[in-house]
Amino acid sequence: MDLKIKGKLAVVTGSTKGIGKAIAKTLANEGAHVVLNGRSQGSIDEALEELKGEGEITGIPADVGTAAGCSKLLEEAQKLGPIEILVNNAGIFEPKPFQEITDEDWLKFYEVNVMSGIRMSRGVVPSMKDRGWGRILFIASESAINIPTEMVHYGMTKTAQLAVSRGLAKTLKDTGVTVNSVLPGPTWSEGVETFVEQMAEGGDVEETKKAFFEEARPSSLIQRFADTEEVAALVTYLCSGQAAATTGAAMRCDGGIVDTCF
Ligand code: NAD
């Protein structure tokens, strides 16, 4: 299938590791010019080295958890051409009991996980509308629906992303610009590796991985972590010219964890 994204400029936030890096790689493999983003030049250089030969990729360091960082990323990316694909992927997570989540934690999670996507989307919508073509993706989570007891603050941000995505799609009715969210389930990324180590508290990581599905995610129908490439494949399709009739949707890539069929 020709995804019809050759030569299109695609910005993927938080793409030096994990799901974002896999999305960047897949989009580049399909011929898009990808902007790779992370907070430091060092992490970008490392990822660029790893992705050498995968396609056209340009790195731009910026902290999308701040307004200034989003402006910097938008400004520098737009020097490369009009942004036609935006994947709001950057996100943070950590297990923390509800009583221990401070005001600062709540606000930080909101800034990084929600405001980043809002600010980046606001920056790309005008030119996407003018050109009559655009793709905006929010990488939410099954945690948007199954709010995890071990990180309620994270769940809150992921539900908020669904509202923003659906609302933005409605404002872009009949413009050629589609907006969707993707709900991955547990996916084996660098961030999740750290998360599982934190949960293991110095104990056996393999045992913790197994217990995670048995105890925290028993409804998973695949009973394993997804690979980052499995999530990237769905995201790349939604970024494509072939996905023009899909907008305002929350697409699951959750291994069947959410116990509904729609
Ligand atoms: P990860 O921690 O492995 O990678 C996150 C990337 O984002 C890193 O490159 C990091 O440097 C970057 N990043 C973090 N904060 C940033 C900031 N302020 N500015 C710029 N870059 C920043 O994470 P992941 O597991 O790949 O998760 C990626 C997205 O997928 C997140 O939004 C997460 O909520 C979502 N998600 C992950 C899973 C999972 O199980 N891995 C499941 C559902 C949803």
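The residues of the chain are indexed from 1 along the displayed sequence. Atoms within a ligand are numbered from 1 in the order they appear, just like the ligands themselves.
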Do Asn89 and Ser15 get their side chains close enough for a donor-acceptor pair, meaning under 3.5 Å?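 No donor-acceptor contact under 3.5 Å links the two side chains.
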
Between the side chains of Asp130 and Ser127, does any donor sit under 3.5 Å from an acceptor?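 No, no side-chain donor-acceptor contact under 3.5 Å.
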
[atom] [closest protein heavy-atom partner, distance rounded to 0.1 Å]:
| atom | result |
| --- | --- |
| atom 22 (C) of ligand 1 | Arg39 NE, 3.7 Å |
| atom 42 (C) of ligand 1 | Gly185 O, 3.2 Å |
| atom 24 (P) of ligand 1 | Ser189 OG, 3.4 Å |
| atom 40 (O) of ligand 1 | Thr187 N, 2.7 Å |
| atom 4 (O) of ligand 1 | Lys17 CB, 3.9 Å |
| atom 21 (N) of ligand 1 | Gly14 CA, 3.6 Å |

Among Gly91, Gly18, Ala90, which one puts a heavy atom closest to atom 5 (C) of ligand 1?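 Residue with the shortest heavy-atom distance to the ligand atom: Gly91.
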
Nearest option to atom 30 (O) of ligand 1, as decided by whichever heavy atom of Thr16, Ile139, Val231 sits closest: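 Result: the heavy atom closest to atom 30 (O) of ligand 1 is in Ile139.
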
Just checking Asp204: does its CG atom have more than 12 heavy atoms from other residues, nucleotides or ligands closer to it than 6.0 angstrom?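 For Asp204, atom CG is crowded (more than 12 foreign heavy atoms under 6.0 Å).
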
Hey, is [X] touching ligand 1 through its side chain, its backbone, both or neither, going by heavy atoms under 4.0 Å?
| X | result |
| --- | --- |
| Ser43 | neither |
| Lys21 | neither |
| Tyr154 | side chain |
| Asn89 | both |
| Trp188 | neither |

Using a 6.0 Å distance limit plus a 45 degree cone around the ring axis, check whether Lys8 lies over the aromatic ring of Trp133.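 Relative to the ring axis of Trp133, which defines the angle, Lys8 lies inside both limits.
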
Intermediate values then yes/no, salt bridge (charged side-chain N to carboxylate O under 4.0 Å, His left out), Glu50 and Lys17: CA-CA 11 Å; Glu50 202 183 317; Lys17 290 198 171 74; over 6 Å; no

Run the numbers for me: atoms of ligand 1, each under 4.0 Å from some heavy atom of [X], listed by number.
| X | answer |
| --- | --- |
| Asn37 | 20 (C), 21 (N) |
| Glu190 | 3 (O) |
| Asp63 | 17 (C), 18 (N), 19 (N) |
| Phe93 | 23 (O), 25 (O), 27 (O) |
| Ala62 | 19 (N), 20 (C) |
| Ile19 | 26 (O), 30 (O), 37 (C), 38 (C), 41 (N) |
| Gly191 | 1 (P), 2 (O), 3 (O) |
| Ala140 | 35 (C), 36 (N), 43 (C), 44 (C) |

Under 3.5 Å, N or O to N or O, is [X] touching ligand 1 that way?
| X | value |
| --- | --- |
| Val64 | yes |
| Glu142 | no |
| Ser141 | no |

Quick check: closest heavy atoms across [X] and [Y], and the distance to 0.1 Å?
| X | Y | value |
| --- | --- | --- |
| Val64 | Ala90 | CG2-CB, 3.6 Å |
| Glu30 | Thr236 | CG-CG2, 4.1 Å |
| Cys239 | Val87 | SG-CG2, 3.9 Å |

Applying the 4.5 Å side-chain criterion to the ILVMFWY set and letting contacts propagate, would Tyr110 and Phe138 be lumped into a single cluster?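 Tyr110 clusters together with Phe138.
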
Side chains of Asn37 and Val11, heavy atoms from C-beta outward: is any pair under 4.5 Å?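 When only atoms from C-beta onward are counted, Val11 and Asn37 do not touch, as no gap falls below 4.5 Å.
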
Does the side chain of Arg166 reach to within under 4.5 Å of the side chain of Leu162, using non-hydrogen atoms?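 No - every pair of side-chain heavy atoms lies 4.5 Å or more apart.
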
Parallel, tilted or perpendicular, judged at 30° and 60°: which one describes the rings of Phe212 and Phe225?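 Aromatic pair Phe212/Phe225 classed parallel.
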
Roughly how far, to the nearest 0.5 Å, is the CG atom of Asn180 from the CD1 atom of Ile136?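 Going from the CD1 atom of Ile136 to the CG atom of Asn180 covers 10.0 Å.
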
Say whether Ala226 and ligand 1 are in contact under the criterion: heavy-atom distance to a ligand atom below 4.0 Å.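 Outside the 4.0 Å threshold, so no.
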
Salt bridge flag under 4.0 Å for residues Arg217 and Glu150: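 Looking at Glu150 together with Arg217, the answer is yes, because their closest N to O distance falls below 4.0 Å.
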
Just to verify, which of Glu206, Glu207, Glu214 counts as forming a salt bridge (charged side-chain N to carboxylate O under 4.0 Å, His left out) with Lys210?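 Exactly one pass, corresponding to Glu214.
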
